[in-house]
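Structure first, commentary second.
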Amino acid sequence: YSWLDVMVNDPGPPPNIDFGVRTHLARSDDGGQTFTYVRALNATEVVQHPDTNEDGWTIHEVSTIVKRQSGWEALWFTYFDPLGEPPGTEDRRDFYYARLLAATPDDLGDSTEAWARGYATSPSFGTVLNLSTLPQLSDCAILTEPALLAYGGETYMATACLVFSGSVRRYDLERTVLLRESGGSYEYVGALLDYDDALDNGGTRIEQVDLAVAENGAILLIGTPIQDATPNHLGCVVFEVMDIDAAEVRRTTSGEAVRLMQITGEDNSVGAGLCTYDAASDTGVLMVLHDFTPSPFDMEFSLRATGQHPQGIDVDADGLADSVDNCPEWPNASQAMPVWPVFANDPDCDGFATASENFVGTDPNKHCAASPGANNESGADAWPADFDDNQIATTLDLVVYVGALNTATGNPNYVQRADLNGNGNITTLDLVAYVAMLNKGVGCSDGYKLCIPLVRAFLLTVGSFAVLWGHPVV
């Protein structure tokens, strides 16, 4: 967390006051009920600008911490602030990211590395990386508000890209981008949020983002919409990252980022915002509030436990977000799969892809009839193999093929509902698709049922073919 220092450069009168910021580390061993100070990760120090020899402070803000496979990483935003500037008029410049790596959190703070910058920062600050050399970030003068996430064996960083045309800031070009650490550098993944998303949420940009994993496994993106009017910060908005490797945020059909949650607080100065989240903490989302009364020199910054635990969208209500659920339209909390093959784009895992179900007229988002005959009554079947909606695929369902076999579109005996492969012809290929389900059934809860012993199933299958094809059983 950021710790505010008040420094007096000249006692005056009047006194010359500077504000400094550094990063502290605290630990909770009781789910966020209490925190214990561990150490300072950096310090507000007087330094000389490497190009001009001008005296100034090194300021450290907006920190993020992550446990990677190889240890711990802390990353934060740092910049040069000329000495003696009165509050609110600082000529802040040369922004870059500094970081620490250590085997344990307690060891963080021993060796700081100037890590990454945009093109507006002087190379004399010695950062390892210039992220503006990535073609997709070539217009990013400043990179700010970092958020780290360790997920699937990879480390990701979300960061705001600030764009300027001369001295004019271009909010319309700014965006939150996602990078993946690779070989001591970063690969560009994509843009998570842009100017249109900021406008949709009442601001001109969305900054101060955090990446976290929800209790139901969804990847969350939490950000603060910011406007130029007072209050600047407009609370926190929680979005869902559907695909971390495509930087894909859940959106409506019209392209608007879906808000899982919006949180605000009473703050008529800077405004509520700067949220972070850890699902393991009882605090829920943590939010920063400010109180600048009765004067700017008597101010309070506070971390507030909102108690809010945002969840990714879970259509089948099995406790797993759709984005991490192997069957998002079928409640299978154990993630056990049916006995038949499940195709790509088969969200209900009934063995038939959405395109096939759309063709035969069944509901691609329903695994089976909720009760025998239920879907017939509503006029919408659920499982292509279950023609009579009794939750079991049996030889009784094969009756539909009598008279329809070896017909095609245009033939009065052709039945589109029985054309399981959707090629406009009802042939033995459709029977093969059906037989894969024969004498099996699924309830609409976790698991499947083998309804008839396999030997009997085999005999019934052979008998069915004999009836349909008009051949004697040998």
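What's counted below: heavy atoms across the whole structure, side chains too, no hydrogens, waters or symmetry copies. Keep in mind that what you see is a predicted model, and the values were worked out from it rather than measured.
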Could you report the tightest heavy-atom contact between [X] and [Y], atom names first, then the distance?
X      : Y      : result
His233 : Ala272 : CB-O, 3.1 Å
Leu193 : Ala257 : CD2-CB, 4.4 Å
Gly203 : Pro225 : N-CB, 4.4 Å
Arg99  : Leu75  : CB-CD1, 3.5 Å
Ala116 : Thr127 : N-CB, 4.0 Å
Ile313 : Val258 : CD1-CG1, 4.3 Å

**OP:** Step by step, work out the side-chain contact (heavy atoms from CB on, under 4.5 Å) result for Gln311 and Glu240.
**Re:** CA-CA 9 Å; Gln311 305 289 347; Glu240 182 178 3; over 6 Å; no
At what distance, to the nearest 0.5 angstrom, does [atom1] of [X] lie from [atom2] of [Y]?
X      : Y      : atom1 : atom2 : result
Asp194 : Leu173 : CG    : CG    : 10.5 Å
Thr428 : Tyr401 : OG1   : OH    : 11.0 Å
Arg170 : Ser165 : CZ    : OG    : 4.5 Å
Glu187 : Arg180 : CD    : CZ    : 5.0 Å
Leu179 : Thr155 : CG    : OG1   : 12.0 Å
Leu100 : Asp110 : CG    : CG    : 8.0 Å

I'd like to know if the side chain of [X] and the backbone of [Y] have a donor-acceptor N/O pair within less than 3.5 Å.
X      : Y      : value
Asp397 : Phe387 : yes
Asp210 : Ile222 : no
Asn232 : Gln227 : yes
Asn201 : Asp197 : yes
Ser185 : Ser182 : no
Thr176 : Thr159 : no
Asp419 : Ile426 : no
Asn423 : Asn425 : yes
Ser132 : Tyr119 : yes
Arg417 : Pro384 : yes

Between [X] and [Y], a side-chain donor and acceptor under 3.5 Å:
X      : Y      : value
Tyr79  : Glu61  : yes
Asn406 : Tyr414 : no
Asn130 : Thr133 : no
Thr78  : His60  : yes

**OP:** Check each of Leu211, Leu149, Leu260, Val241 against Leu220 using the side chain to side chain contact (heavy atoms under 4.5 Å, CB included) test, and report the only one that passes.
**Re:** Leu260
Any side-chain heavy-atom pair of [X] and [Y] under 4.5 Å:
X      : Y      : value
Met337 : Val342 : yes
Thr224 : Glu207 : no
Leu41  : Ile65  : no
Leu162 : Leu143 : no
Arg304 : Leu286 : no
Tyr434 : Leu420 : yes
Asn332 : Asn326 : yes
Trp115 : Tyr96  : no

Can [X] and [Y] be counted as an ion pair, charged N to O under 4.0 angstrom?
X      : Y      : answer
Glu329 : Lys366 : no
Asp228 : Arg205 : yes
Asp106 : Arg27  : yes
Glu248 : Arg251 : no
Arg68  : Glu181 : yes

Original post:
Which pairs pass side chain to side chain donor-acceptor pair (under 3.5 Å) with one or both residues in residues 138-152, sequence neighbours excluded?
Top reply: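 For residues 138-152, and leaving out neighbouring residues, the side chain to side chain donor-acceptor pair (under 3.5 Å) pairs sorted by first residue read Asp139-Arg175.
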Subject >> Evaluation steps, side-chain contact (heavy atoms from CB on, under 4.5 Å), between Val66 and Trp72 >> reply: CA-CA 6 Å; Val66 69; Trp72 288 78; over 6 Å; no
Original post:
Once the angle between the rings of Phe95 and Phe77 is folded into 0 to 90°, is it parallel (under 30°), tilted (30 to 60°) or perpendicular (over 60°)?
Top reply: parallel
Subject >> Partners passing ring pair (Phe, Tyr, Trp, His ring centres under 6.0 Å) against His24 (at least two apart in sequence or in another chain) >> reply: Tyr1, Trp3, Tyr37
Subject >> Stepwise side-chain hydrogen bond (donor to acceptor under 3.5 Å, both in side chains) check, Thr121 with Asp94 >> reply: CA-CA 4 Å; Thr121 296; Asp94 291 296; 4.8 Å; no
**OP:** Evaluate the side-chain contact (heavy atoms from CB on, under 4.5 Å) criterion for residues Glu73 and Leu108: first the C-alpha distance (whole Å), next the side-chain angles of each, then the deciding distance (0.1 Å), finally the verdict.
**Re:** CA-CA 8 Å; Glu73 177 180 1; Leu108 290 169; over 6 Å; no
Subject >> Criterion ring pair (Phe, Tyr, Trp, His ring centres under 6.0 Å) on Trp383 and Trp340, from CA distance to verdict >> reply: CA-CA 13 Å; Trp383 189 25; Trp340 49 75; 5.3 Å; yes
**OP:** Any chance you could lay out the ring pair (Phe, Tyr, Trp, His ring centres under 6.0 Å) test for Tyr195 and Tyr171, step after step, and finish with the verdict?
**Re:** CA-CA 7 Å; Tyr195 180 63; Tyr171 294 136; 7.6 Å; no
Give the table of side-chain donor-acceptor pairs shorter than 3.5 Å for residues 351-358, with sequence neighbours excluded, one pair per line with atom names and distance.
residue, atom, partner, partner atom, Å
Thr354, OG1, Asn345, O, 3.1
Glu357, OE1, Thr362, OG1, 2.6
Asn358, ND2, Thr354, O, 3.4

**OP:** Report the C-alpha distance between Tyr188 and Leu178 in whole Å, list the side-chain angles of each, state the deciding distance to 0.1 Å, and finish with yes or no for side-chain contact (heavy atoms from CB on, under 4.5 Å).
**Re:** CA-CA 7 Å; Tyr188 178 81; Leu178 183 68; over 6 Å; no
